[in-house]
Asker: 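Questions regarding the structure given below will be posed in turn.
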Amino acid sequence: MPKSTQYQSRQSDENGIIHWSDEENQIWSELYARQIPLVKERACQEYLDGLDLLKLNEKEIPQLPDINKVLMEKTGWQTAEVPALINFGEFFRLLANKQFPVATFIRTREEFDYLQEPDIFHEVFGHCPLLTNPAFAHFTHTYGKLGLAASKEDRVYLARLYWFTVEFGLVRAKDELKIYGGGILSSPGETIYALDSDTPLRNPLTAIDALRTPYRIDIMQPLYYILPEFDHLFELAEMDIMALVEEAKSLGLFSPLFPPKEKKAS
């Protein structure tokens, strides 16, 4: 998670409405138009079903109260407006209460293709469709409860599991690989790279492997983990994940599949 950000979240009015500028709505519209044809070919059906349910506006940034109505009806979830960056404790607290954090800012044109901070396009377009799905919603809720009770050290392990599922997960659908990770689905470059490139490894998901796998947030992923089927998220949620964290700690981390991040000259 970045330690500082240039972005400032927008505040909603007394009705929960954010008054976005024409430029902000235009950026959403361009991101949406570019990403929709990519995800329709590559996203899992559960994501596409959720996209249909949410009926996201293609011309302007959706309002969170409209999304909340659908999520509450389908899985009992809500979104929660948050600043551009929140700490792990607040993140887990929200998920444990079935509230998905949405930073209410949208990227600038200078960072149109990639930004480290999760903006409203990433959160709403990338993640909210799957929060209409019971398996995904249950896994995310369970994850939040575990993280809220976990130590600082254990949260770092849990973050890896989240990264390789909710953010950058692939799933086998019949005989095809599909995407369900929101970090991929909100990134045009990675949506193509994750499925079409020969560069990354694609391994079957086991929770213990994900807990032991280092990652970097500022590069295309060198490794993706594949769910055997989407409803396997139910099984994952029912595992003794904290016992697996202890096992992962005793086994140690795998060697990174990427070079260390270059330190900026002081």
Side-chain angles (χ1 to χ4, degrees), residues 1-21 23-25 27-28 31-32 50 54 56-57 60-72 74-108 111-112 114-133 136-150 152 155-156 158-163 165-168 181-187 215 217-218:
M1 184 177 287
K3 291 184 172 61
S4 62
T5 178
Q6 62 166 316
Y7 292 104
Q8 185 81 29
S9 281
R10 301 287 297 272
Q11 298 296 308
S12 61
D13 65 18
E14 64 276 8
N15 298 312
I17 303 302
I18 294 174
H19 300 279
W20 299 97
S21 69
E23 171 66 4
E24 288 167 326
N25 282 324
I27 288 172
W28 169 278
L31 287 167
Y32 186 94
L54 290 181
L56 299 180
N57 192 320
E60 55 189 40
I61 300 172
Q63 297 293 343
L64 297 186
D66 295 332
I67 291 169
N68 289 342
K69 285 176 193 169
V70 180
L71 296 184
M72 179 58 77
K74 294 298 176 184
T75 57
W77 276 74
Q78 297 280 272
T79 61
E81 289 180 42
V82 297
L85 295 176
I86 59 173
N87 61 40
F88 267 149
E90 179 65 1
F91 175 71
F92 286 120
R93 185 191 71 78
L94 288 168
L95 295 186
N97 287 291
K98 293 189 176 181
Q99 294 178 287
F100 196 79
V102 175
T104 47
F105 73 92
I106 196 160
R107 67 196 70 183
T108 62
E111 296 192 289
F112 197 79
Y114 178 81
L115 77 166
Q116 290 187 30
E117 305 95 320
D119 69 346
I120 195 164
F121 185 78
H122 169 88
E123 305 291 24
V124 168
F125 187 91
H127 289 303
C128 283
L130 277 174
L131 282 170
T132 65
N133 178 275
F136 185 88
H138 177 57
F139 175 73
T140 308
H141 184 217
T142 301
Y143 177 83
K145 290 187 289 184
L146 291 173
L148 189 61
K152 188 174 180 181
R155 284 176 175 178
V156 177
L158 289 173
R160 297 188 189 102
L161 181 61
Y162 190 88
W163 185 263
T165 54
V166 174
E167 290 293 355
F168 287 90
I184 309 175
L185 292 169
S186 58
S187 163
Y215 65 86
I217 66 172
D218 60 336

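Keep in mind that what you see is a predicted model, and the values were worked out from it rather than measured.
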Asker: Determine the sole option in Asp119, Thr104, Ile67, Ile106 for which the side-chain contact (heavy atoms from CB on, under 4.5 Å) test with Val124 is passed.
Answerer: Ile67
Asker: Dump the intermediate steps for salt bridge (Lys or Arg N to Asp or Glu O under 4.0 Å) on Arg10 and Glu24, then the final yes or no.
Answerer: CA-CA 11 Å; Arg10 301 287 297 272; Glu24 288 167 326; 2.5 Å; yes
Asker: Taking atom NZ of Lys98 and atom NE2 of His138, what is their separation to the nearest 0.5 Å?
Answerer: 9.5 Å
Asker: Kindly indicate, with the supporting measurements, whether the criterion ring-ring contact (aromatic ring centres under 6.0 Å, His included) is fulfilled by Tyr215 and Tyr162.
Answerer: CA-CA 11 Å; Tyr215 65 86; Tyr162 190 88; over 10 Å; no
Asker: Take Thr132 and Leu71, measure what side-chain contact (heavy atoms from CB on, under 4.5 Å) needs, and give me the verdict at the end.
Answerer: CA-CA 6 Å; Thr132 65; Leu71 296 184; 3.7 Å; yes
Asker: Kindly indicate whether the side chain of Phe92, heavy atoms from C-beta on, has any atom under 4.5 Å from the side chain of Tyr143.
Answerer: yes
Asker: So, using side chain to side chain donor-acceptor pair (under 3.5 Å) as the criterion, who are the partners of Gln8 when residues are at least two apart?
Answerer: none
Asker: Check for a donor-acceptor pair, side chain of Ser187 on one end and backbone N or O of Ile184 on the other, with a separation under 3.5 Å.
Answerer: no
Asker: Look up atom NZ in Lys145 and atom CZ in Arg93, then write down how far apart they are to the nearest 0.5 Å.
Answerer: 15.5 Å
Asker: Just checking, any donor-acceptor pair under 3.5 angstrom between side chains of Glu117 and His122?
Answerer: no
Asker: If you measure from CD1 on Ile61 to CD1 on Ile120, what distance do you get to the nearest 0.5 Å?
Answerer: 6.0 Å
Asker: As a test of understanding, state which of Phe105, Tyr32, Trp28 forms a ring pair (Phe, Tyr, Trp, His ring centres under 6.0 Å) with Phe121.
Answerer: Trp28
Asker: Ser9 and Pro83: which non-hydrogen atoms are nearest, and at how many Å?
Answerer: OG-C, 3.3 Å
Asker: Do any N or O atoms from the side chain of Tyr7 and from the backbone of Thr108 form a donor-acceptor pair under 3.5 angstrom?
Answerer: yes
Asker: Is the closest side-chain heavy-atom distance between Leu31 and Arg107 below 4.5 Å?
Answerer: yes
Asker: Using 30° and 60° as the class limits, which term best fits the ring planes of His141 and Trp77: parallel, tilted or perpendicular?
Answerer: perpendicular
Asker: With sequence neighbours left out, what residues match Arg155 under side chain to side chain donor-acceptor pair (under 3.5 Å)?
Answerer: none
Asker: Say whether, by atom type as modelled, one donor and one acceptor occur between the side chain of Asp13 and the main chain of Asn15 under 3.5 angstrom.
Answerer: yes
Asker: What is the distance from atom CG of Leu95 to atom OG1 of Thr142, rounded to the nearest 0.5 Å?
Answerer: 10.5 Å
Asker: Sub-3.5 Å donor-acceptor pair from the side chain of Ser186 to the main-chain atoms of Phe125, do we have one?
Answerer: no
Asker: How many angstroms lie between CG in Leu148 and CG in Leu158, if you round to the nearest 0.5 Å?
Answerer: 11.5 Å
Asker: Could you give the distance from CG (Leu185) to CG (Leu130), rounded to the nearest 0.5 Å?
Answerer: 7.5 Å
Asker: How close do Ala84 and Ala103 get, heavy atom to heavy atom, and via which atoms?
Answerer: CA-CB, 4.0 Å
Asker: Step by step, work out the side-chain contact (heavy atoms from CB on, under 4.5 Å) result for Phe139 and Val166.
Answerer: CA-CA 9 Å; Phe139 175 73; Val166 174; 3.8 Å; yes
Asker: For a 4.5 angstrom cut-off between non-hydrogen side-chain atoms, does Val102 reach Leu64?
Answerer: yes
Asker: Using a 3.5 Å distance criterion without hydrogens, assess whether the side chain of Glu167 forms a donor-acceptor pair with backbone atoms of Gly181.
Answerer: no
Asker: Heavy atoms, side chains only, cut-off 4.5 Å: are Thr79 and Gln99 in contact?
Answerer: no
Asker: Any side-chain heavy-atom pair from Phe91 and Asn87 closer than 4.5 angstrom?
Answerer: no
Asker: Would you sort out whether Leu94 and Ile86 count as a side-chain contact (heavy atoms from CB on, under 4.5 Å), showing the intermediate values?
Answerer: CA-CA 11 Å; Leu94 288 168; Ile86 59 173; 4.3 Å; yes
Asker: Decide yes or no on side chain to side chain donor-acceptor pair (under 3.5 Å) for Glu111 and Gln6, but give the supporting numbers first.
Answerer: CA-CA 11 Å; Glu111 296 192 289; Gln6 62 166 316; 3.0 Å; yes
Asker: When you check the side-chain N and O atoms of Ser12 and Glu81, is any donor under 3.5 Å from an acceptor?
Answerer: yes
Asker: My understanding is that only residues two or more places apart in sequence, or in another chain, count here; which of them pass ring-ring contact (aromatic ring centres under 6.0 Å, His included) with Phe136?
Answerer: none
Asker: With side-chain contact (heavy atoms from CB on, under 4.5 Å) as the test, would you mind laying out the steps for Phe100 and Gln78 before giving the verdict?
Answerer: CA-CA 6 Å; Phe100 196 79; Gln78 297 280 272; over 6 Å; no
Asker: On a heavy-atom basis, which atom in Asp218 and which in Gln116 lie closest, and how many Å separate them?
Answerer: CB-NE2, 3.8 Å
